[in-house]
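Each residue takes its place number in the sequence, starting with 1. Atoms considered below: every heavy atom in the structure, side chains included; atoms not considered: hydrogens, waters and symmetry mates.
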Amino acid sequence: RTLPFLVVICVIVISIKRKKIKAVEVDIRRPFSWKFYFYWVIGFLAYALLIEFALYSFHILEVSQWDHPFSSSIILVFGAVILAPVAEELLFRGLILNVLIKKKISIHWSIIIQAFFFVLLHNFTYENTVSSNIGIVQSFIDGILYGYARMYTKSIYTPISMHISGNAIAILERFIL
């Protein structure tokens with residue numbers, strides 16, 4: 001499950017190197033304001049922790065224990081915490097959001113549409129359990145927040161950092177709970 005993310009990153013990087021995609025179009029640049037970058041990242045971290053704590057308090061949070069061998073755990077954690085966020089942000093908040101905006105769709109609708117596609121990528125979308133339905137709503141809201149973070153900071157690094165922190169929380173829960 002780690003390899004597809006690596007492939008997406010490689011394809012996008014190669015496309016940028018060959019000038020088929022402009023790095024500026026997907027906002028591969030530092031945030032215009034580090035203050036806003038930190039507001040978004042720390043705000044998202046607080047939001048994610050609050051949601052997870054609330055779900056845990058109401059006994060709604062379903063977390064399966066981590067039961068992978070050490071060697072594969074390293075690859076899985078690296079894939080989930082680093083590769084998946086980078087690949088998904090480049091794809092959804094980078095390429096897809098950029099294409100939607102270029103088609104003269106309003107920024108708000110573009111963000112909603114790319115968030116919808118983001119949800120469709122995730123496996124829990126098709127499970128129809130209480131936990132998966134919560135995951136759908138969380139991912140949709142996350143996708144919207146990531147989209148606005150990219151637009152307001154003018155940098156793909158902001159949603160990448162937010163996404164990394166969200167995935168890190170999800171992985172840590174599997175070790176702790």
pair [X]-[Y]: side-chain heavy atoms closer than 4.5 Å:
| X | Y | result |
| --- | --- | --- |
| I144 | I141 | no |
| N133 | N128 | yes |
| L95 | I12 | yes |
| V63 | Y56 | no |
| L83 | F78 | yes |
| I16 | K22 | no |
| L120 | Y126 | yes |
| E173 | L61 | yes |

Check for a donor-acceptor pair, side chain of [X] on one end and backbone N or O of [Y] on the other, with a separation under 3.5 Å.
| X | Y | result |
| --- | --- | --- |
| S139 | I136 | no |
| S110 | I105 | yes |
| Y148 | H108 | no |
| E52 | L49 | no |

As a quick check of understanding, evaluate salt bridge (charged side-chain N to carboxylate O under 4.0 Å, His left out) for D27 and R150, giving each step before the final call.
CA-CA 8 Å; D27 281 336; R150 179 206 160 190; 2.9 Å; yes
Looking only at non-hydrogen atoms, find the nearest pair between [X] and [Y] and report the distance.
| X | Y | value |
| --- | --- | --- |
| T153 | W40 | CG2-CD1, 3.6 Å |
| N98 | E25 | OD1-O, 3.0 Å |
| A80 | A84 | O-CB, 3.9 Å |
| Y146 | E89 | CD1-OE2, 3.2 Å |
| G79 | P85 | O-CD, 4.2 Å |
| S64 | R174 | O-NE, 3.0 Å |

Spacing of [atom1] belonging to [X] relative to [atom2] belonging to [Y], to within rounding of 0.5 Å:
| X | Y | atom1 | atom2 | result |
| --- | --- | --- | --- | --- |
| I96 | L90 | CD1 | CG | 11.5 Å |
| L45 | M162 | CG | CE | 10.0 Å |
| S132 | Q138 | OG | CD | 11.5 Å |
| D142 | I51 | CG | CD1 | 9.0 Å |
| F32 | T158 | CZ | OG1 | 9.5 Å |
| L100 | I111 | CG | CD1 | 10.0 Å |

Does one hydrophobic cluster hold both L55 and F175, with members joined at side-chain heavy-atom distances below 4.5 Å?
yes
Is atom [atom1] of [X] surrounded by more than 12 heavy atoms (other residues, nucleotides or ligands) closer than 6.0 Å?
| X | atom1 | result |
| --- | --- | --- |
| F117 | CZ | no |
| Y39 | OH | no |
| F58 | CZ | no |
| W109 | CH2 | no |

Taking it one step at a time, do I28 and Y157 satisfy side-chain contact (heavy atoms from CB on, under 4.5 Å)?
CA-CA 7 Å; I28 298 177; Y157 299 132; 3.4 Å; yes
Cation over ring face, R93 and F118, 6.0 Å, 45°
yes
One pair to check against side-chain contact (heavy atoms from CB on, under 4.5 Å): I74 and F70. What are the steps and the verdict?
CA-CA 6 Å; I74 292 170; F70 181 76; 3.3 Å; yes
Step by step, would you call I164 with I160 a side-chain contact (heavy atoms from CB on, under 4.5 Å)?
CA-CA 6 Å; I164 286 172; I160 288 173; 3.8 Å; yes
Derivation of the side-chain contact (heavy atoms from CB on, under 4.5 Å) call for M151 and I107:
CA-CA 9 Å; M151 298 312 296; I107 289 175; 4.1 Å; yes
Parallel, tilted or perpendicular: which describes the rings of H122 and F124, with under 30° parallel and over 60° perpendicular?
parallel
Quick one: do the S161 and Y37 side chains pair a donor with an acceptor below 3.5 Å?
yes
Under 3.5 Å, is there a donor on one side chain and an acceptor on the other for S73 and W66?
yes
Below 6.0 angstrom between ring centroids: does that apply to F44 and Y47?
yes
